[in-house]
Amino acid sequence: MIRKIEPNTRDRALPDYHLDKPREECGVVAVSGSPASAELAYLAMYALQHRGQESAGLVTVDEDGREKTYKGMGLVVDIFDDKILKEMYGTLAIGHVRYSTAGGSSLRNAQPLVVDYQDQPLALAHNGNLSNAVELRNRLSSEGAIFQTDSDSEAIVHLIARSRREDQDHKIDDALSQVVGAFSVVLCVGNTVYAARDPRGFRPLVLGRLGDAVIVTSETCALDIIGATYIRDVRPGEVLKIQDGSIEELRPLPPAEPSACLFELVYFARPDSQVWGCSVDGARRAFGRQLAHEHPADADCVLAVPDSSNSAALGFSEVSGLPFELALIRNHYVGRTFIHPTQAGRDFRVRVKYNPVRELVEGQRVVVVDDSLVRGTTSRGLVTLLRDTGAKEVHFRVASPPVRFPCYYGIDMPTREELIGSNHSVEEIRDHLEVDSLGYLSMEGMRGSVSDFGPFCDACWTGDYAAPLVDIERQKATEDS
Ligand code: AMP
């Protein structure tokens, strides 16, 4: 049985996740100025599928301001077909892929959110979590707003609609100035697209061009798939207005210290993307190299937990001189909704997803490099699998520090209770995983590996939350009183 250690006093004072509202992971895209906007947005969403596999939605608006919307549960490739895309015409499209937890999993929460607004369609796609969503919702509800979804993002729509500012641009500025936390949003009002990032720039958003069309999307891999050219990142606090192929910079949001999510580089973004101006693959290799310096292992080979730790394992192999082996094979067709028969045993989830190549593992001393440990359940199952396959020794290396705090800005992380790094020492975790040795990349090592980029949000490792946790603090105050 794994014993729990008491968190220290400072840790105890930090909040845990106990708001009953969806935690969301998402990808967004807006296409402006292309007659093939629906197809382009569809392809971009397909490239962003890793950012959310639960639902996807697409909205198009034609020159006369007529909107078409199609949303569904599941994967982009299963939701849309040729017939649907052909019916979605117009030069403007907004797309969204979403994954959520905490009761937020239903079609009504799928985005883009679409409303009729002053005789025009307003469609909004949001990546990130707002840290004052509950406060805003309570206030707006008390003023008579009727909410149609559980999602944070709807507050932004209400704030735009209720703004008393004179024109559209100012109403959007007014709305975005009232939300706190993480937001990379693309939205349209009629034929005008707006794109904005919160002042700290937690989540990515990039700007690209394809001929006369302008594309705004979460990651550069979505530009690559449609052959668009990357122009630049949308800057933290920036609000862009895009119309007829032109990009106008509106008044930026009040500035704050930038705080780009470092977990995007560790796990979330695709390795073929450039995020924060940095190659994701390059960052992961650097983490792996540094990990090999910090925690060398006397072993025969290095293996990755595909696909998320491939780059880090290659970096580890490079510095350690140990050969990188494709010793774990991942089944790519599992999906989040795979039915797990109850009698199948506790490591069955892992066995469904991964299978070792026996010849590469049997009798070998292996180093497993993973990108992160969250609950510790995957790694525990993998170690059992490798031992059952005849591995002589298993050395586990993690290409990031122990995750100890929940994310409130748009990465789906469990509560402190469930985070293995939150309540256990490294030695206790080693014991729990039943590995011969365990080593995590240090915080300094991780920061040093990407020191040319940032500044970063590292709250899931340090508990230093950059944007005020308005809802959490309010709830804590209510519980304490
Ligand atoms: P576990 O420790 O069993 O919770 O699994 C950790 C593994 O899940 C990591 O190695 C990552 O590859 C992956 N992972 C990390 N964060 C997330 C997340 N927010 N959503 C889904 N998978 C994740």
Side-chain angles (χ1 to χ4, degrees), residues 2 17 22-27 48-54 97-102 104-105 127-129 182 202-203 261-271 280 284 287-288 291 303-313 316 328 330 332 334-338 340 346-354 368-385 396-424 426 428-430 432-435 438-441 446 457-461:
I2 183 159
Y17 214 113
R23 283 169 268 161
E24 302 179 77
E25 290 178 344
C26 310
L48 296 175
Q49 188 74 83
H50 61 290
R51 299 185 71 88
Q53 301 95 46
E54 185 181 82
V97 292
R98 175 177 192 264
Y99 172 73
S100 87
T101 54
S105 148
N127 173 210
N129 269 181
F202 285 107
R203 307 256 73 88
C261 169
L262 192 42
F263 203 72
E264 290 270 354
L265 295 181
V266 168
Y267 165 76
F268 199 45
R270 255 173 58 162
V280 176
R284 288 180 192 169
F287 297 152
L291 182 61
L303 53 105
V305 185
D307 300 318
S308 51
S309 71
N310 289 347
S311 307
F316 192 97
L328 274 176
R330 175 178 163 195
H332 284 91
V334 179
R336 293 238 192 200
T337 50
F338 187 87
H340 294 86
R346 72 182 208 144
D347 293 329
F348 186 64
R349 272 170 199 278
V350 173
R351 284 175 191 267
V352 164
K353 199 165 168 187
Y354 303 103
V368 182
V369 176
D370 205 350
D371 58 273
S372 56
L373 274 189
V374 180
R375 288 185 175 84
T377 43
T378 314
S379 38
R380 171 79 217 229
L382 281 172
V383 173
T384 308
L385 198 58
F396 213 91
R397 299 290 179 269
V398 188
S400 56
V403 174
R404 296 170 57 226
F405 302 95
C407 175
Y408 299 97
Y409 307 129
I411 297 282
D412 176 37
M413 291 274 186
T415 57
R416 293 267 299 280
E417 266 293 287
E418 296 164 278
L419 286 170
I420 194 165
S422 179
N423 299 308
H424 302 94
V426 173
E428 285 169 329
I429 299 169
R430 191 202 63 75
H432 172 70
L433 298 182
E434 295 180 3
V435 286
L438 171 65
Y440 281 94
L441 180 61
M446 181 166 64
C457 173
D458 51 24
C460 56
W461 298 289

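FYI, side chains are in, hydrogens and waters are out, and symmetry mates aren't considered; it's all heavy atoms of this structure. In listed order, ligands and their atoms are each counted from 1.
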Open item on the list: I'd like to check the side-chain hydrogen bond (donor to acceptor under 3.5 Å, both in side chains) partners of Asp458; sequence neighbours left out, ordered by chain and number.
Closed with: Arg447, Thr462
TODO: Measure from atom 23 (C) of ligand 1 to every heavy atom in Tyr267, Phe268, Tyr99 and give the option owning the shortest one.
DONE: Tyr267
- [ ] Heavy-atom contacts with Thr377 under 4.0 Å: which atoms of ligand 1 show up? List them by number with element.
- [x] 1 (P), 2 (O), 3 (O)
- [ ] Consider ligand 1: state whether an atom of it lies below 4.0 angstrom from any non-hydrogen atom of Phe263.
- [x] yes
- [ ] Not counting sequence neighbours, which residues clear side chain to side chain contact (heavy atoms under 4.5 Å, CB included) with Arg330? List them please.
- [x] Pro306, Asp307, His332, Lys353, Tyr354
Open item on the list: Under 4.0 Å from a heavy atom of Ile411: which atoms of ligand 1 are those, numbered in the order shown and with their elements?
Closed with: 19 (N)
Task: Atom pair CH2 (Trp461) and OG (Ser372), whose distance is rounded to the nearest 0.5 Å - done: 8.0 Å
Open item on the list: If we ignore hydrogens and angles and just use 3.5 Å, is the side chain of Glu264 paired with the main-chain N or O of Tyr267 as donor and acceptor?
Closed with: no
Open item on the list: Yes or no: does Asp371 have any heavy atom under 4.0 Å from an atom of ligand 1?
Closed with: yes
Task: Shortest reach to atom 1 (P) of ligand 1 by a heavy atom, considering only His50, Arg375, Glu25 - done: Arg375
Task: Atom indices of ligand 1 within 4.0 angstrom of Ser308 heavy atoms, with elements - done: 12 (O)
Task: Arg203 side-chain N/O to Tyr409 backbone N/O, donor-acceptor pair under 3.5 Å - done: yes
Open item on the list: Once rounded to the nearest 0.5 Å, what's the spacing between atom CG of Leu291 and atom OG of Ser400?
Closed with: 9.0 Å
Task: Among Gly376, Gly381, Ser372, Cys460, closest by any non-hydrogen atom to atom 2 (O) of ligand 1 - done: Gly376
Task: Glu54 with Arg98: basic N within carboxylate O range, under 4.0 Å - done: yes
Open item on the list: Quick check on contacts: which atoms of ligand 1 are under 4.0 angstrom from a heavy atom of Asp370?
Closed with: 10 (O)
Open item on the list: Tell me whether Met413 has any N or O atom under 3.5 angstrom from an N or O of ligand 1.
Closed with: no
